[in-house]
**Q** 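Just dropping this structure here.
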Amino acid sequence: MMADSKMIAIVGATGAQGGGLARAIVADRNGPFRARALTRHPGSDKARALAAVGAEVVAADLDDPKSLEQAFAGAYGAFCVTNFWEHFSAEREYTQAGNMARAAKTAGLQHVIWSTLDDTRQFVPLDDDRMPTLLGQYKVPHFDAKGEADQLFRDAGVPTTWLRTVFYWDNLVHFGAGPKRGPDGTLALVFPMDDKKLPAIAAEDIGKCAYAIFKRGREFIGKTIGIAGEHLSGAEMAAALSRALGEEVRYNSVSPDVYRSFGFPGADDMGNMFQFKRDFNDYYRQSRDVKLARSLNPELQTFEQWLAHNHDQIPVD
Ligand SMILES: NC(=O)c1ccc[n+]([C@@H]2O[C@H](COP(=O)([O-])OP(=O)(O)OC[C@H]3O[C@@H](n4cnc5c(N)ncnc54)[C@H](OP(=O)(O)O)[C@@H]3O)[C@@H](O)[C@H]2O)c1
């Protein structure tokens, strides 16, 4: 670690996105940055694992602006992410984003990356009844509040890169999105995307891309960029899964209405999300650039590569 290295404060360092960034920073021992991991639970196993590889671990809570100011103080930059799925409240997510933007300003940070998604209401106004309005004022709550919060970083006047992420292939392991066995015993990957391609990524690669964005600083300040590992159709994903699992996986394209009715927590939000990605597929794919992601992170994984490392963790019974 270089003695004069600059500190990056990392929200979500114990999670997927921030964890990838923290690991990228500490792995680059002679690199320009140090990692400060923000967590509500500095004693947790994940926080201790980060400390063990050389990250500084500090307590902070996105709901507590003072704690963020303290955790950002003295840093060069910050990686900012919120976790909608912990509380399912778009308003709370928006407030947390504002807390980070204002704390970044107070701390005088020179570069913030805000991990964001699109405000889908710019494409599907609330009165467009192709999909239901959720939580009173959203179409895709876990997207819309992040997109709406983009402005908070502009308003705060912090040098920001708006980083648009995509579906993690890791959802096949951790988010119940893996193939399901049908009544005939065959595995099926179920998405309401018809034949449209889904930009997606290995979650670990998001942090690796963020690392390069910090390294290339000036180039990406003030810019909105989107990344992906690959854009694949459901049929292409099913074919790759069949090869990796050694068992046939079919792609079962259902309607967004059917998907929304599945009943798991957030099924309506996810159904609207896939419908947005299907109906605005050209826009959505253009905004998620595989070439840019690979130029930032030459280790960027394809779906095949991700499967080679992770296929045995995909729950299929
Ligand atoms: N799954 C996908 O395909 C996907 C794709 C694109 C975007 N996203 C977005 O990614 C976000 C989640 O990021 P992730 O997957 O990297 O997270 P994750 O692995 O689920 O972990 C959540 C992280 O957020 C931190 N956190 C949550 N609430 C906090 C609070 N109040 N104060 C401080 N830290 C807090 C947690 O830290 P501690 O618990 O240690 O405090 C933890 O590090 C979601 O908003 C989701 O919409 C997901």
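Values in this document were obtained by computation on a predicted structure and should not be read as measured data. For ligands, and for the atoms within them, numbers begin at 1 and follow the listed sequence.
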**Q** Would a line drawn from the ring center of Tyr284 to the ring center of Phe280 be shorter than 6.0 Å?
**A**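 Not close enough - the centres of the two rings lie 6.0 Å or further apart.
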**Q** Does any N or O of ligand 1 fall below 3.5 Å from an N or O anywhere on Phe84, backbone included?
**A**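 Such a contact does occur with ligand 1.
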**Q** For atom CD of Gln313, decide whether the heavy atoms of other residues, nucleotides or ligands shown that lie under 6.0 angstrom number more than 12.
**A**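 Yes, because the 6.0 Å sphere around CD of Gln313 holds more than 12 heavy atoms from other groups.
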**Q** Identify the protein heavy atom lying closest to atom 32 (N) of ligand 1, giving its residue, its atom name and the separation to 0.1 Å.
**A**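 In this structure, atom 32 (N) of ligand 1 has Leu62 N, 2.9 Å as its nearest protein heavy atom.
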**Q** List ligand 1 atoms under 4.0 Å from Phe167, heavy atoms only on the residue side.
**A**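 Per the distance check, 3 (O).
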**Q** Select the closest option to atom 20 (O) of ligand 1 among Leu172, Asn83, Val166, judged by heavy-atom distance.
**A**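 Going through Leu172, Asn83, Val166 one by one, Asn83 has the nearest heavy atom to atom 20 (O) of ligand 1.
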**Q** What protein heavy atom sits nearest atom 16 (O) of ligand 1, and how far away is it?
**A**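 So the nearest neighbour among protein heavy atoms is Gln17 N, 2.7 Å.
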**Q** Relative to the heavy atoms of Glu86, which atoms of ligand 1 are at a distance of less than 4.0 Å?
**A**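 Those atoms are 27 (C), 28 (N).
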**Q** For His142, take its heavy atoms, then give the atoms of ligand 1 lying under 4.0 Å from any of them.
**A**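 Within the 4.0 Å cut-off of His142, ligand 1 contributes 47 (O).
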**Q** What do we get for Ala60 next to ligand 1 when only non-hydrogen atoms under 4.0 Å count, side chain, backbone, both or neither?
**A**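 Near ligand 1, Ala60 shows its backbone, while the atoms from C-beta on stay back.
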**Q** Compute both the distance and the angle, then confirm whether Arg154 meets the cation-pi test with Trp162: under 6.0 Å from the six-membered ring centre, within 45 degrees of the axis.
**A**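 Geometry flag: set, cation within 6.0 Å and 45°.
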**Q** Which ligand 1 atoms does Gly15 reach within 4.0 Å, using its non-hydrogen atoms?
**A**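 The atoms of ligand 1 under 4.0 Å from a heavy atom of Gly15 are 18 (P), 19 (O), 21 (O), 42 (C), 43 (O).
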**Q** Of the options Asp150, Thr82, Thr160, Thr161, which is the one that meets Thr116 in a side chain to side chain donor-acceptor pair (under 3.5 Å)?
**A**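 The single option meeting the side chain to side chain donor-acceptor pair (under 3.5 Å) with Thr116 is Asp150.
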**Q** Of all the non-hydrogen atoms in the protein, which one sits nearest to atom 43 (O) of ligand 1, and at what distance?
**A**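 Nearest protein contact, heavy atoms only, for atom 43 (O) of ligand 1 is Thr14 OG1, 2.6 Å.
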**Q** Can you give each donor-acceptor pair under 3.5 Å made by side-chain atoms of residues 174-189, sequence neighbours left out, with the distance rounded to 0.1 Å?
**A**
residue: Lys180; atom: NZ; partner: Gly176; partner atom: O; Å: 2.8
residue: Lys180; atom: NZ; partner: Gly178; partner atom: O; Å: 2.9
residue: Arg181; atom: NE; partner: Asp317; partner atom: O; Å: 2.5
residue: Arg181; atom: NH1; partner: Gly185; partner atom: O; Å: 2.8
residue: Arg181; atom: NH1; partner: Glu247; partner atom: OE2; Å: 2.6
residue: Arg181; atom: NH2; partner: Glu247; partner atom: OE2; Å: 3.4
residue: Asp184; atom: OD1; partner: Thr186; partner atom: N; Å: 2.9
residue: Asp184; atom: OD1; partner: Thr186; partner atom: OG1; Å: 3.1
residue: Asp184; atom: OD2; partner: Thr186; partner atom: OG1; Å: 3.0

**Q** Which residue supplies the protein heavy atom nearest to atom 44 (C) of ligand 1, what is that atom called, and how far is it?
**A**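 The closest one turns out to be Thr82 O, 3.3 Å.
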**Q** Using a 4.0 Å heavy-atom threshold (strictly under), name the region of Asp61 that reaches ligand 1: side chain, backbone, both or neither.
**A**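 Both the backbone and the side chain of Asp61 come within reach of ligand 1.
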**Q** Given that the side chain starts at C-beta and the backbone is N, CA, C, O, which of these parts of Phe175 lies under 4.0 Å from ligand 1, counting heavy atoms, or is it both or neither?
**A**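 Neither; no heavy atom under 4.0 Å.
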**Q** Heavy-atom contacts with Gln96 under 4.0 Å: which atoms of ligand 1 show up? List them by number with element.
**A**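 In order of number, 31 (N).
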**Q** Students should be able to answer this: which protein heavy-atom is nearest to atom 4 (C) of ligand 1, and at what distance?
**A**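 Result: Tyr168 CE2, 3.2 Å.
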**Q** What is the closest protein heavy atom to atom 17 (O) of ligand 1, and at what distance does it sit?
**A**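 The closest one turns out to be Ala16 N, 4.0 Å.
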**Q** Would you say that more than 12 heavy atoms from the other residues, nucleotides or ligands in this model lie under 6.0 Å from the NE2 of His87, or not?
**A**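 Count over threshold, so yes.
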**Q** Look only at the side chain of Arg288 and the backbone of Thr165, and say whether a donor-acceptor pair between them is shorter than 3.5 Å.
**A**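 Yes, the answer is positive, given that a donor and an acceptor are paired below the 3.5 Å cut-off.
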**Q** Could you tell me whether Arg130 atom CZ has more than 12 heavy atoms of other residues or ligands within 6.0 Å of it?
**A**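 Counting other residues, nucleotides and ligands, CZ of Arg130 exceeds 12 neighbours.
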**Q** Report yes if some N/O of Gly18 lies less than 3.5 Å from some N/O of ligand 1; otherwise report no.
**A**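 No.
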**Q** Parallel, tilted or perpendicular: which fits the ring planes of Trp169 and Phe303, with parallel below 30° and perpendicular above 60°?
**A**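 Rings of Trp169 and Phe303: tilted, 30 to 60°.
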**Q** Numbering the atoms of ligand 1 from 1, which are under 4.0 Å from a heavy atom of Glu93?
**A**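 The list of qualifying atoms is 45 (O).
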**Q** Around atom CG of Asp45, are there more than 12 heavy atoms from other residues, nucleotides or ligands closer than 6.0 Å?
**A**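 Open: at most 12 neighbouring heavy atoms sit under 6.0 Å from CG of Asp45.
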**Q** Closer than 4.0 angstrom: is that true for some heavy atom of Lys46 and an atom of ligand 1?
**A**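 It does not, in that no heavy atom of Lys46 comes within the 4.0 Å cut-off of ligand 1.
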**Q** Give the residue and atom name of whichever protein heavy atom lies nearest to atom 6 (C) of ligand 1, and the separation in Å to one decimal.
**A**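 Of the protein heavy atoms, Thr165 OG1, 3.1 Å lies nearest.
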**Q** Identify the closest protein heavy atom to atom 47 (O) of ligand 1: which residue and atom is it, and at what distance?
**A**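 Going by distance alone, atom 47 (O) of ligand 1 is nearest to Lys146 NZ, 2.8 Å.
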**Q** With a 3.5 Å distance limit and no angle check, can you tell me whether Asp63 reaches the backbone of Gln96 through a side-chain donor-acceptor pair?
**A**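 Side chain of Asp63 to backbone of Gln96, a donor-acceptor pair under 3.5 Å: no, none is there.
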**Q** Is the side chain of Asp128 donor-acceptor paired with the backbone N or O of Val124 at a distance under 3.5 Å, no angle test?
**A**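 Pair absent, no side-chain N/O of Asp128 close to backbone of Val124.
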**Q** I want to know if ligand 1 touches Asn171 in the polar sense, i.e. an N/O pair below 3.5 angstrom.
**A**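 Yes, there is a polar N/O contact under 3.5 Å.
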**Q** My understanding is that only one of Leu68, Asn99, Val81 makes a side-chain contact (heavy atoms from CB on, under 4.5 Å) with Leu62; could you say which?
**A**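 Per the side-chain contact (heavy atoms from CB on, under 4.5 Å) rule, the option paired with Leu62 is Leu68, out of Leu68, Asn99, Val81.
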